[in-house]
Amino acid sequence: MIPVQSVTRYATPLREGGSLPGIVEADDLGTYVCKFRGAGQGVRVLVAEVVVSRLASLLGIRTPRLVGLDLRSDLARYEADEEVQDLLRASVGLNLGVDFLPGSFGFDRATLTDDDVATRILWLDAFTANVDRSWRNPNLLRWHGEVWAIDHGASLYFHHGWVGGVTDPARFAAQRWDVSDHVFADRVGELPAADARITPLLDETVLADVLRDVPDDWLEAVPGAETPEDMRAAYVRFLVARLGTRSWLPGAAA
Ligand SMILES: Nc1ncnc2c1ncn2[C@@H]1O[C@H](COP(=O)(O)OP(=O)(O)OP(=O)(O)O)[C@@H](O)[C@H]1O
Ligand SMILES: [Mg+2]
């Protein structure tokens with residue numbers, strides 16, 4: 001499981017983010033971008049962040065270190081901004097911390113030096129059905145001369161359909177993914193070669209290990225999957241099923 005730290009201070013909101021992420025300090029003296037459990041779509045988004053970040057690392061894509069951030073109720077009391085106070089109140093408990101990359105820049109295509117990393121990011125987004133890496137909002141940072149991938153909460157959206165119980169993985173397995181808006185859409189021709197290199201890195205055992213990183217607390221039970229272990233197994237089934245097809249891979253032979 002990802003390590004857990006306690007929030008010691010809410011520093012400032014990150015005005016850019018749609019989900020009102022904030023910069024916080026924690027008792028390990030770290031500074032984190034906090035993704036709040038009380039924001040928007042709740043803890044499922046945090047599950048997607050952890051799973052896709054781990055997959056990214058396995059593919060050799062840089063992504064900031066993640067921690068769980070325990071938020072106590074007294075922190076909300078010292079917050080003057082009402083909107084932030086509401087968010088903190090709704091987020092008491094375990095949140096996600098993304099290691100803050102100080103001095104990072106927004107991604108600029110002109111400075112991309114490693115073409116292969118772009119293709120691996122494209123593969124990752126197709127596999128996890130990430131819809132949040134467009135030209136307008138690439139969710140890539142440049143830091144210490146390298147490209148870092150962030151913001152993976154809009155992946156694995158199948159889990160938002162699990163309210164009444166875990167659905168059929170076959171549908172996600174076959175679900176197409178639209179490349180047209182992606183920041184690296186022009187690399188689609190390189191996907192088959194990248195696919196051949198990446199596929200051997202992933203299997204059921206590896207995916208089960210990835211899911212072990214997700215805190216129990218965010219694996220809220222749904223009918224038929226009552227325990228965190230049931231929920232982990234459901235995610236693994238969905239990812240294994242998708243790995244078994246190529247309907248989602250743009251440009252793959254039918
Ligand atoms: N770890 C980090 N280090 C430095 N800056 C970051 C980090 N994470 C996020 N940011 C900055 O904050 C912005 C918003 O973060 P992020 O994209 O994760 O939030 P979001 O609410 O999901 O955003 P949106 O839905 O608007 O894309 C990023 O575009 C980036 O500029
Ligand atoms: Mg973003």
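First listed ligand is number 1; within each ligand, the first listed atom is number 1. Computation of the quantities below employed the complete heavy-atom set of this structure, encompassing side-chain atoms and omitting hydrogens, waters and symmetry-equivalent molecules.
Residue contact annotation: Gly153 has no non-hydrogen atom under 4.0 Å from ligand 1.
Below 30°, between 30° and 60°, or above 60°: for Phe158 and Trp162 the angle between ring planes is between 30° and 60°, a tilted geometry.
Atom 29 (O) of ligand 1 has its nearest heavy-atom neighbour, among Ile23, Asp151, Ile150, in Ile150.
Set against the non-hydrogen atoms of Asp99, the atoms of ligand 1 under 4.0 Å away are 1 (N), 2 (C). Which parts of ligand 1 touch Val33 is read off a 4.0 Å heavy-atom cut-off, strictly below it: atoms 1 (N), 2 (C), 7 (C), 8 (N). Taking every heavy atom of Leu101 and a limit of under 4.0 angstrom, the matching atoms of ligand 1 come to 1 (N), 2 (C), 3 (N), 4 (C). Counting atoms of ligand 1 from 1 in the listed order, those under 4.0 Å from a heavy atom of Pro21 are 19 (O), 21 (O). Taking every non-hydrogen atom of Val98 and a distance limit under 4.0 Å, the qualifying atoms of ligand 1 come out as 1 (N). Atoms of ligand 1 found under 4.0 Å from any heavy atom of Asn139, numbered from 1 in the order shown, are 17 (O), 27 (O).
Cation-pi geometry between Arg142 and Phe105 is not met: the NZ or CZ atom fails to fall both under 6.0 Å from the ring centre and inside 45° of the normal.
When only modelled atom types and interatomic distance are considered, Asp178 and Ser180 share a side-chain donor-acceptor pair under 3.5 Å.
Tyr235 is not listed as a side-chain neighbour of Val210, based on a closest heavy-atom distance of 4.5 Å or more. Between Val24 and Leu69, the closest side-chain pair of non-hydrogen atoms falls below 4.5 Å.
Here the two rings, on Phe107 and Phe184, have centers that are under 6.0 Å apart. Here the two rings, on Trp177 and His182, have centers that are under 6.0 Å apart.
The angle Asp151:OD2 - the Mg ion (ligand 2) - Asn139:OD1 amounts to 90°, with values rounded to 10 degrees.
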